[in-house]
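Worksheet: the structure to be examined is printed underneath.
Being a predicted model, the structure only gives us computed values, none of them experimental.
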Amino acid sequence: MTPIIDSLDDISGRFRAVYCDLWGCLHNGVRPFPQAMQALERFRDKGGYVLLLTNAPRPGSVVVRQLDRLGVPRSLYHAITTSGDAARHALANGEFGRAVYHIGPPRDLGFFAPGTDVHLACLARVKRVPFPAAEGIVCTGLFDDETETPDDYREILSSARDRGLAMLCANPDVIVDRGPKRVFCAGSLAAMYETLGGTVSRFGKPFRSIYSTARMHLDQAVGPKSRTNRHLGDQDILCIGDGIHTDIRGAADAGLASLFVTGGLAHSETGTEYNPDRRRLEDFLARAAPAFRPTAAIGHLR
């Protein structure tokens, strides 16, 4: 049976670093959660390392500025890793061609900006083109996630399948809660494309590449190993998230502990108020995650 805890403090002493999800854990896309920030501050102040791990389809530098606007201080975290970072490297490699059709909102155009390192400078060779000229598809989301659903894309995705175009999905999330409204993400279009017979490559949680990138960023934040700064092992890392198929499955596949925040995407299914209803939590986990379990669960990060 999955333990239900009241505070991150209940288990934080077992870990030296956390990989914390953003949407549903630290903020809801409109405002940050004060108790979540306080919990991470306490962990940081005790010497822990805080890495933000998100399926945002944008470079980490762009997400940092978004967090600034939301009121999340940079002092709260040591590093940030996004699915956009991992996906940009694949695009720079030319795996999806040099002429791509972009499905996504204007706010995601930073995804295509060349990076400062030599490898990401190759993004300058990638051009966004109209659909008829495309050699591949890059999906960062819906054009208008406030009004559209995946069904609005069935015709163009069917045409892309017929042309044999591969899709890069820069955000595996299917849905997310923006304030009180639930909206579709790039993962919903990727799922439809696969159902139609198209080929999809996803970047982000739960796939291993983003955890490798996160570990690199964490090691850079920790610094060189010394007598007083020992190497962090997998047993030292706790993944925090509200997505059972992204955050929790990804942690399990990477061999890392996890804290399931039930008051996010699964709040209805788990009957979460202050904390989840134990019976409904176990029923939900039995249905949604029969092959893995979170290390612990909590209603909201606090």
Side-chain angles (χ1 to χ4, degrees), residues 1-15 17-46 48-56 67 70-73 76-77 172-183 185 205-206 237-252 254 256-302:
M1 190 169 288
T2 301
I4 298 174
I5 63 175
D6 289 326
S7 168
L8 177 61
D9 298 337
D10 293 345
I11 60 171
S12 63
R14 297 161 48 186
F15 305 99
V18 296
Y19 290 169
C20 187
D21 185 37
L22 294 183
W23 288 73
C25 294
L26 188 56
H27 67 73
N28 65 357
V30 177
R31 60 178 180 84
F33 303 141
Q35 287 189 324
M37 291 197 295
Q38 292 164 9
L40 295 179
E41 286 170 351
R42 292 194 304 271
F43 182 77
R44 178 205 63 196
D45 291 346
K46 292 177 183 177
Y49 292 91
V50 176
L51 181 141
L52 303 182
L53 184 61
T54 172
N55 275 352
L67 293 174
L70 285 175
V72 178
L76 180 67
Y77 53 93
D173 287 348
V174 174
I175 54 174
V176 71
D177 290 329
R178 180 183 296 135
K181 183 178 178 62
R182 181 157 289 188
V183 298
C185 302
K205 298 174 286 187
I237 301 170
L238 174 69
C239 299
I240 303 171
D242 70 323
I244 194 69
H245 296 297
T246 51
D247 302 297
I248 307 306
R249 177 186 167 187
L256 304 174
S258 63
L259 176 60
F260 180 34
V261 178
T262 63
L265 293 172
H267 69 277
S268 296
E269 294 92 334
T270 58
T272 297
E273 293 182 4
Y274 178 81
N275 262 339
D277 176 84
R278 180 171 294 281
R279 181 186 60 79
R280 292 177 65 178
L281 170 63
E282 291 302 323
D283 288 347
F284 172 76
L285 293 176
R287 294 192 310 273
F292 57 90
R293 282 291 187 274
T295 306
I298 191 171
H300 305 276
L301 181 58
R302 53 182 177 258

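In this structure a side-chain-to-backbone donor-acceptor pair under 3.5 Å is present from Glu282 to Thr2. A donor-acceptor pair is defined here as one N or O able to donate and one able to accept, closer than 3.5 Å; such a pair exists between the side chain of Arg280 and the backbone of Ser268.
Residues that satisfy the side chain to side chain contact (heavy atoms under 4.5 Å, CB included) test with Ala251, not counting sequence neighbours, are Cys239, Leu256, Ser258. Residues satisfying the side chain to side chain contact (heavy atoms under 4.5 Å, CB included) criterion with Ala257, sequence neighbours excluded, are Phe15, Leu238, Thr295. Contacts of Arg293 classified as salt bridge (charged side-chain N to carboxylate O under 4.0 Å, His left out), with partners at least two apart in sequence or in another chain: none. Taking the salt bridge (charged side-chain N to carboxylate O under 4.0 Å, His left out) definition, one finds that Asp177 meets it with Arg182, sequence neighbours left out. Applying the salt bridge (charged side-chain N to carboxylate O under 4.0 Å, His left out) criterion to Arg287, with sequence neighbours excluded, gives no partner residue. The side chain to side chain contact (heavy atoms under 4.5 Å, CB included) check on Arg278 picks up Met1, Ile4, with sequence neighbours excluded.
Among all heavy-atom pairs drawn from Tyr274 and His300, the shortest one is O-CD2, 4.1 Å. The minimum heavy-atom distance between Leu76 and Arg44, with the atom names listed, is CA-NH1, 3.6 Å. Contact between Thr272 and Gly263 at its shortest, heavy atoms only, is CG2-CA, 3.7 Å. Taking every heavy atom of both residues into account, Cys185 and Val176 meet most closely at SG-CG1, 3.6 Å. Listed here is the closest heavy atom pair of Asp247 and Asp242: OD2-N, 3.3 Å. Smallest separation of non-hydrogen atoms from Thr262 and Ala297: CG2-CB, 4.2 Å.
The closest side-chain heavy-atom distance from Phe33 to Leu301 is not below 4.5 Å. Here the side chains of Leu53 and Asp21 are not in contact, with every heavy-atom distance at 4.5 Å or above. Looking only at side-chain heavy atoms (C-beta outward), Tyr77 and Leu40 stay at 4.5 Å or farther from each other.
Leu22 contributes atom CG, which lies 9.5 Å from atom CG of Leu70 (distance to the nearest 0.5 angstrom). The line from CD of Glu41 to NZ of Lys46 is 12.5 Å long, rounded to the nearest 0.5 Å. Atom CZ of Arg42 and atom OG of Ser7 lie 4.5 Å apart (nearest 0.5 Å). Considering OG1 of Thr270 and CG of Asn275, their distance stands at 9.5 Å, rounded to 0.5 Å. A distance of 11.0 Å separates CG of Asp9 from CD of Gln38, quoted to the nearest 0.5 Å.
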Decide side chain to side chain contact (heavy atoms under 4.5 Å, CB included) for Ile5 and Leu259; before the verdict, give the C-alpha distance in whole Å, the side-chain angles of both, and the deciding distance to 0.1 Å. CA-CA 9 Å; Ile5 63 175; Leu259 176 60; 3.7 Å; yes
Could you go step by step and tell me if His245 and Leu265 meet the side chain to side chain contact (heavy atoms under 4.5 Å, CB included) rule? CA-CA 11 Å; His245 296 297; Leu265 293 172; over 6 Å; no
I'd like to know whether Phe292 forms a side chain to side chain contact (heavy atoms under 4.5 Å, CB included) with Ile244, so could you lay out the CA-CA distance, the side-chain angles of the two residues, the decisive distance to 0.1 Å, and finally the verdict. CA-CA 10 Å; Phe292 57 90; Ile244 194 69; 4.3 Å; yes
Begin from the C-alpha positions of Asn55 and Trp23 and carry the test side chain to side chain contact (heavy atoms under 4.5 Å, CB included) through to its verdict. CA-CA 9 Å; Asn55 275 352; Trp23 288 73; over 6 Å; no
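For CZ of Arg302, the number of neighbouring non-hydrogen atoms (other residues, nucleotides, ligands) closer than 6.0 Å is greater than 12. For Glu273, the CD atom sits in a loose shell: 12 or fewer heavy atoms of surrounding residues, nucleotides or ligands are nearer than 6.0 Å.
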